[in-house]
Amino acid sequence: SLIPPTTPSGAPYTFRNNLKQTQAFSDVQQLQKFLNLNGFTVSTSGPGSLGQETQYFGFLTRQALIKFQEAHANQILTPNGLTKGTGYFGPSTRGFINSR
């Protein structure tokens, strides 16, 4: 039961769904764009690269997300008792990105 995203014109994208590897959903494309634009490159060329983001949450998306989580460990991982990124786009990571 994924919630369809609603983005008012000109407003930043708000993530409403938890995402994990192997899912295909429009939120994944927005997550890839966010990662690519913030220095956590999903892919340097082809699918997943800047301007060619896809709706598939694969290994490369997971790896980029782990790097993002570890770069922001104090806000995302530490409050949950974690020391390593999980690659799961859940409430902590989503909340952190949505609050930016």
Participant: Can you find a pair of side-chain heavy atoms, one from V42 and one from S49, that are under 4.5 Å apart?
Facilitator: no
Participant: Any chain of hydrophobic side-chain contacts (each under 4.5 Å) joining I66 to L19?
Facilitator: no
Participant: Has the side chain of Q69 got a donor or acceptor atom that lies under 3.5 Å from a matching backbone atom of T86?
Facilitator: yes
Participant: Distance check, rounded to the nearest 0.5 Å: N17 atom CG versus S26 atom OG?
Facilitator: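 OG of S26 is found 8.0 Å from CG of N17.
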Participant: Are a donor atom and an acceptor atom from the side chains of D27 and Y13 found within less than 3.5 Å of each other?
Facilitator: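 Judged by distance alone, the side chains do pair up.
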Participant: Examine the side chains of N98 and T14 and answer whether a donor and an acceptor come within less than 3.5 Å of each other.
Facilitator: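 No.
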Participant: May I ask whether L50 and L65 are part of the same hydrophobic cluster, defined by side-chain heavy atoms of I, L, V, M, F, W, Y residues being less than 4.5 angstrom apart, directly or through others?
Facilitator: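 Different clusters.
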Participant: So which atom in P47 and which in T54 form the shortest heavy-atom distance, rounded to 0.1 Å?
Facilitator: CB-CG2, 3.9 Å
Participant: Grab the two heavy atoms, one from R62 and one from Q21, that are nearest each other, plus how far apart they are.
Facilitator: CD-OE1, 2.6 Å
Participant: In Å, rounded to the nearest 0.5 Å, how long is the span from OG1 of T93 to CD of Q75?
Facilitator: 11.0 Å
Participant: Is a side-chain donor or acceptor of Q29 paired with a backbone partner of E53 at a separation under 3.5 angstrom?
Facilitator: yes
Participant: Does a donor on one side chain and an acceptor on the other come within less than 3.5 Å for T61 and Q32?
Facilitator: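 A pair is found: one side chain offers a donor N or O, the other an acceptor, under 3.5 Å apart.
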Participant: For N74 versus P79, what's the shortest heavy-atom pair and its separation?
Facilitator: O-CD, 3.3 Å
Participant: Hey, quick one: are Y88 and F34 part of the same hydrophobic cluster, counting side-chain heavy atoms closer than 4.5 Å, chains of contacts allowed?
Facilitator: no
Participant: Would the distance check show the side chain of E70 and the main-chain N or O of K67 forming a donor-acceptor pair, the cut-off being under 3.5 Å?
Facilitator: no
Participant: F25 versus Y56: any side-chain heavy-atom pair under 4.5 Å?
Facilitator: no
Participant: Take N80 and S92 through the test side-chain hydrogen bond (donor to acceptor under 3.5 Å, both in side chains) and record every step on the way to the result.
Facilitator: CA-CA 8 Å; N80 293 294; S92 296; 2.6 Å; yes
Participant: Hydrophobic clusters here meaning ILVMFWY residues chained together by side-chain heavy-atom distances under 4.5 Å, can you tell me if F40 and L77 are in one?
Facilitator: yes
Participant: Using ring centroids (six-membered ring only for Trp), state whether F57 and F89 fall under 6.0 Å.
Facilitator: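 They do not qualify: ring centres at least 6.0 Å apart.
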Participant: Within this structure, what is the OG-CD distance for the pair S45 and Q52, rounded to the nearest 0.5 Å?
Facilitator: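 Result: 8.0 Å between the selected atoms.
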Participant: With clusters defined by side-chain heavy atoms of hydrophobic residues (ILVMFWY) lying less than 4.5 Å apart, directly or transitively, does F15 cluster with I76?
Facilitator: yes
